[in-house]
Amino acid sequence: MLLQMALYCLLFFLLVKCAAGNSGRNCLYFYPEKYIDEAQRRGIAEKDAVMKKGKRFMIPFCIVMLAALTAILSVWNHVTDFKTAYLQAYLFLVVMNWFDGIVIDRLWVGHGKIWAIEGMEGVPYVKPWKTVIVKRGLATALYLVIALAVAGIVVLIGKIGL
């Protein structure tokens with residue numbers, strides 16, 4: 001399952017990298033709201049357009065990530081019982097959540113040159129550790145509920161025999 005989690009996180013990374021390309025400007029919707037507001041004030045971006053672009057990315061992104069998780073559990077792992085599906089779904093979601101907060105937000109964004117946007121010098125864009133921990137802690141609790149839905153889908157797929 002370690003390999004599967006690594007591949008799942010790699011998928012997450014690759015989707016974000018494809019969206020960003022070679023400039024964090026392409027994914028300005030990932031930045032803190034104060035940063036986006038300042039980018040608008042400086043004439044670098046239009047906040048409404050940034051947020052619409054974020055929705056156009058996040059909806060397919062979430063669908064792909066949930067479909068991949070469902071496929072891993074039902075097709076690769078052949079999970080058919082609810083308890084196993086729930087525990088595995090929760091584990092994958094929590095690992096992805098903390099991977100995003102630590103590896104993506106703090107390490108890659110914090111140290112990757114593509115995320116520093118020209119014209120926004122002096123404006124912090126890396127989320128502070130406290131923000132990462134609080135947000136990831138809340139998401140960890142939320143994933144208790146989301147894992148229920150994923151487990152239900154996995155069990156349904158198992159009953160259908162896909």
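No hydrogens, no waters, no symmetry mates; every other heavy atom, side chains included, goes into these values. The chain is numbered in sequence order, starting from 1. Fair warning: this is a prediction, and the values are worked out from it, not measured in the lab.
Using bins of under 30°, 30° to 60° and over 60° for the plane-to-plane angle, the ring pair Phe12/Phe99 lands in the perpendicular bin.
Note on Leu73: it does not cluster hydrophobically with Val145, by side-chain heavy-atom contacts below 4.5 Å among ILVMFWY residues. If you chain together hydrophobic residues whose side chains sit under 4.5 Å apart, Leu3 and Phe13 fall into the same group. Under the 4.5 Å side-chain contact rule for hydrophobic residues, Trp129 and Val126 share a cluster.
Atom CG of Leu69 sits about 10.5 Å away from atom CD1 of Ile146, to the nearest 0.5 Å. Atom-to-atom distance recorded for Met58:CE and Met51:CE is 10.5 Å, nearest 0.5 angstrom. The NZ atom of Lys47 sits 6.5 Å away from atom CD1 of Ile36, with the distance rounded to the nearest 0.5 Å. Distance CG/Leu91 to CG/Leu87: 8.5 Å, rounded to 0.5 Å. For the atom pair CH2 (Trp98) and SG (Cys9), the distance works out to 13.5 Å, reported to the nearest 0.5 Å.
Using modelled atom types, one side-chain atom of Lys53 and one backbone atom of Asn26 make a donor-acceptor pair closer than 3.5 Å. Without hydrogens or angle criteria, Tyr31 side chain to Trp115 main chain gives a donor-acceptor distance under 3.5 Å. At least one donor-acceptor pair under 3.5 Å links the side chain of Tyr90 to the backbone N or O of Thr140. Put simply, the side chain of Arg25 never gets that close to the backbone of Ala45: no donor and acceptor are under 3.5 Å apart. Counting only distance, with no hydrogens or angles, the side chain of Arg106 and the backbone of Lys127 share a donor-acceptor pair below 3.5 Å.
For Tyr8 against Met65, the heavy-atom pair with the smallest separation is OH-O, 2.9 Å. The heavy-atom pair separating Phe82 from Ala151 by the smallest distance is CE1-CB, 3.5 Å. Of all non-hydrogen atoms in Val132 and Gly101, the two that sit nearest each other are CG1-O, 3.6 Å. Between Gly122 and Pro124, the shortest heavy-atom contact is O-CD, 3.7 Å.
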Quick one: do Gln40 and Val50 satisfy side-chain contact (heavy atoms from CB on, under 4.5 Å)? Show the steps, please. CA-CA 10 Å; Gln40 178 168 308; Val50 166; over 6 Å; no
Pair Lys135, Asp105 - check salt bridge (charged side-chain N to carboxylate O under 4.0 Å, His left out), show working. CA-CA 12 Å; Lys135 183 178 177 183; Asp105 289 349; 5.2 Å; no
Glu38 vs Ile44, test: side-chain contact (heavy atoms from CB on, under 4.5 Å). Steps then yes/no. CA-CA 9 Å; Glu38 183 61 23; Ile44 293 171; over 6 Å; no
Pair Leu144, Tyr86 - check side-chain contact (heavy atoms from CB on, under 4.5 Å), show working. CA-CA 9 Å; Leu144 286 166; Tyr86 179 74; 3.4 Å; yes
Chi angles and distances behind the side-chain contact (heavy atoms from CB on, under 4.5 Å) call for Met1, Phe92: CA-CA 9 Å; Met1 204 157 47; Phe92 273 83; 3.8 Å; yes
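The side-chain heavy atoms of Leu28 and Tyr35, taken from C-beta on, include a pair separated by under 4.5 Å. Residues Gln4 and Trp76 form a side-chain contact, since some pair of their non-hydrogen atoms from C-beta on lies under 4.5 Å apart. Residues Ile104 and Phe30 have side chains not in contact (no heavy-atom distance under 4.5 Å, counting atoms from C-beta outward).
Checking Val75, Val79, Ile157 one by one against Thr70, the side-chain contact (heavy atoms from CB on, under 4.5 Å) holds for a single residue, Ile157.
Atom CD of Glu121 has more than 12 neighbouring heavy atoms from other residues, nucleotides or ligands inside a 6.0 Å radius. Atom CG of Leu14 sits in a crowded spot, with more than 12 heavy atoms from other residues, nucleotides or ligands closer than 6.0 Å.
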